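Below is one structure, written out as structure tokens; comments come after it.
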Amino acid sequence: MELTLHEVRLTTDPAEIVDIGVSGGKIVEIRPGLPGGDQALHLDGRLVLPGFCESHIHLDKSCLLDRCTQRGGLAEAIGEVAGLKAAFTAEDVAARASKTLRKCVINGTTKMRTHVEVDPTIGMRGFDGVQSAIADWAWAIDVEICVFPQEGLLNNPGTDELLVQGLNAGAGAIGAAPYTDTDPHGQIDRIFELAREFDVDVDMHLDFGPTTDEMTIDHVCRRADEYGWGGRVAVGHVTRFAQMARPDFATLSQRVASAGVAITVLPATDLFLMHREHDENHSAPRGVTPLHLLSEQGVTCSLSTNNVLNPFTPFGDCSLIRMANLYANISQIGDPETMARCLDMVSQSSAKLMNLTDYGLSVGNDADLVVIDATDPAMAVAELAQPMYGFKNGHAVFTRALPELHLPG
């Protein structure tokens, strides 16, 4: 065998110690007592996971802080980036996207869906730049583009044609931002039409706001039912859900589950942008939807990064373990079972949302692996356990040395 990982734990049964054998880019054996391969790592019972899945990120507008002046709310962030886009070149986008991809890779991410916006201002320059960066990093990470209209669709002539151009150029999913359109339901309808025409998944920014007013999730669920697109629709942010009364939230959770609509929460962005209108003398709501409660109703759930170093989120190291930890803090999760589920929401559950095949620690699947410095899934989240090694198709991608203490004497 080309690679063997010895004395490791899997999240499915952390009490059991096994070895993993890899050949030809695939997992070929999982059992104790494997003979050493050409490369053999002895890992002292540490956790091995399939490479993390970044299900919702924006490579095209990452790393913009040096160009920005505002740190306001959602409308201000959209407006500032809209003003910057005219000066974007494909080369500029590719360079910034590459910086972000590097961060993702060294934090153990091997799969990604990036949202890329098109409109008459940016044209296809953002799309082309992201495609270039994806090609440069294909040795380490698989990236799917979700093309979407950030500035509106029906109210922004020329955008529809650019969406079609992006789908023809290889985008694997189509997104939406209905709250920026003069006709939110009309935008949702058109996106489902394009999804059916090109046979791609739908992944929308949805119900992003501080109140329960004007929610569009019911319309998305209806269209998912009508188009037979259950299991192929995801919606992100959904901060309006966080303000719902718990009985109403439970009813909505069941409706979303029955329609096969997956949910992505973006903790860093949702915390940063929401509820700025609250008076300083009053306690502001968190603005982050309780994703683990949706998961309990059978909804496919994902945690993700969203934006990195821009007006939407002026920080970010692209660590999905950090996102799991941040979400657990926000949601006041302390029990080990639910904390471990947060780790699943950046791996297996995210992969399900993205309809990935050959993903996971099973014989025959791609050997996309990350070793983390932990022996227990819940404690990996609690302690922000660091990735130690990463592999793509069985080939080493990164090594992160553990800290070394220099004891007296």
Side-chain angles (χ1 to χ4, degrees), residues 1-55 104-112 137-144 300 302 320-321 324 336-337 340-381 383 385-402:
M1 279 178 283
E2 297 157 9
L3 170 69
T4 49
L5 306 180
H6 298 271
E7 303 102 40
V8 301
R9 302 174 195 266
L10 312 184
T11 57
T12 49
D13 186 4
E16 183 181 8
I17 303 292
V18 297
D19 302 337
I20 299 174
V22 174
S23 284
K26 301 286 186 180
I27 299 170
V28 293
E29 285 195 79
I30 301 176
R31 63 173 177 84
L34 286 179
D38 298 337
Q39 180 184 6
L41 293 177
H42 295 268
L43 295 164
D44 299 322
R46 289 184 170 91
L47 280 173
V48 175
L49 286 83
F52 296 124
C53 293
E54 183 75 81
S55 63
C104 293
V105 166
I106 64 175
N107 280 292
T109 298
T110 59
K111 304 286 187 182
M112 174 184 287
W137 284 90
W139 61 277
I141 185 170
D142 300 317
V143 184
E144 174 188 68
T300 298
S302 172
L320 285 172
I321 290 182
E337 182 181 350
R341 211 171 344 132
C342 293
L343 191 62
D344 185 72
M345 291 179 193
V346 297
S347 54
Q348 294 283 359
S349 190
S350 293
K352 183 179 179 182
L353 179 149
M354 294 168 62
N355 287 308
L356 298 180
T357 57
D358 296 329
Y359 179 89
L361 297 187
S362 298
V363 171
N365 282 352
D366 294 337
D368 293 356
L369 310 170
V370 59
V371 181
I372 60 176
D373 187 24
T375 59
D376 175 83
M379 293 306 294
V381 174
E383 296 184 306
Q386 293 300 296
M388 295 171 58
Y389 301 96
F391 300 90
K392 186 79 180 74
N393 297 322
H395 298 289
V397 170
F398 73 88
T399 300
R400 186 193 303 266
L402 296 178

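From a predicted model like this one, the values you see are computed outputs, not experimental measurements.
You'll find the side chain of Leu49 reaches within 4.5 Å of the side chain of Leu343, heavy atoms only. For the pair Thr109/Leu320, a side-chain contact is recorded, criterion being any heavy-atom separation below 4.5 Å from C-beta on. Residues Val143 and Trp137 have side chains not in contact (no heavy-atom distance under 4.5 Å, counting atoms from C-beta outward). The side-chain heavy atoms of Val370 and Phe52, taken from C-beta on, include a pair separated by under 4.5 Å. Using a 4.5 Å cut-off on side-chain heavy atoms (C-beta onward), Asp344 and Thr11 make no contact. The shortest side-chain heavy-atom distance between Val22 and Leu369 falls under the 4.5 Å cut-off. For the pair Pro14/Pro377, a side-chain contact is recorded, criterion being any heavy-atom separation below 4.5 Å from C-beta on. Side-chain atoms of Val8 and Val371, non-hydrogen and from C-beta on, never get closer than 4.5 Å to each other.
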Set out, in order, the CA-CA distance, both residues' side-chain angles and the distance that settles side-chain contact (heavy atoms from CB on, under 4.5 Å) for Leu41 and Phe391, then state yes or no.
CA-CA 12 Å; Leu41 293 177; Phe391 300 90; 3.7 Å; yes
Where do Asp142 and Lys392 land on the salt bridge (Lys or Arg N to Asp or Glu O under 4.0 Å) test, with the steps shown first?
CA-CA 9 Å; Asp142 300 317; Lys392 186 79 180 74; 2.9 Å; yes
Run Asp373 and Arg400 through side-chain contact (heavy atoms from CB on, under 4.5 Å) and show every step you take.
CA-CA 10 Å; Asp373 187 24; Arg400 186 193 303 266; over 6 Å; no
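Of the possible donor and acceptor atoms, one in the side chain of Asn365 sits under 3.5 Å from a partner among the backbone N and O of Tyr359. Not one N or O on the side chain of Thr110 forms a donor-acceptor pair closer than 3.5 Å with the backbone of Ile141. At distances below 3.5 Å, at least one donor-acceptor pair connects side-chain atoms of Asp19 with backbone N or O atoms of Glu7. In this structure a side-chain-to-backbone donor-acceptor pair under 3.5 Å is missing from Arg9 to Leu47. Looking only at distances, a side-chain donor or acceptor of Thr4 sits under 3.5 Å from a matching main-chain atom of Gly37. Of the possible donor and acceptor atoms, none in the side chain of Asp366 sits under 3.5 Å from a partner among the backbone N and O of Asp368. When atom types are taken as modelled, the side chain of Gln386 and the backbone of Leu402 share no donor-acceptor pair closer than 3.5 angstrom.
In this structure, the separation between CG on Leu356 and CD on Gln348 is 10.0 Å, given to the nearest 0.5 Å. Taking OG of Ser23 as the start and CD of Glu2 as the end, the distance is 4.5 Å to the nearest 0.5 Å. Between the CD atom in Gln39 and the OH atom in Tyr389 there is a gap of 8.5 Å [rounded to 0.5 Å]. Going from atom SG of Cys104 over to atom NZ of Lys111 covers 14.5 Å, rounded to the nearest 0.5 Å. In this structure, CE on Met112 lies 11.5 Å from OG on Ser350, to the nearest 0.5 angstrom. Once rounded to the nearest 0.5 Å, the distance linking CD1 of Ile27 with CG of Asn393 reads 10.5 Å.
Of all heavy-atom pairs spanning Ala374 and Ala385, the tightest one is CB-CB, 3.7 Å.
Annotation: Lys352, atom NZ; neighbour count of heavy atoms from other residues, nucleotides and ligands within 6.0 Å does not exceed 12.
Pairs passing the ring pair (Phe, Tyr, Trp, His ring centres under 6.0 Å) check and including a residue from residues 4-49, sequence neighbours excluded, read His6-His42.
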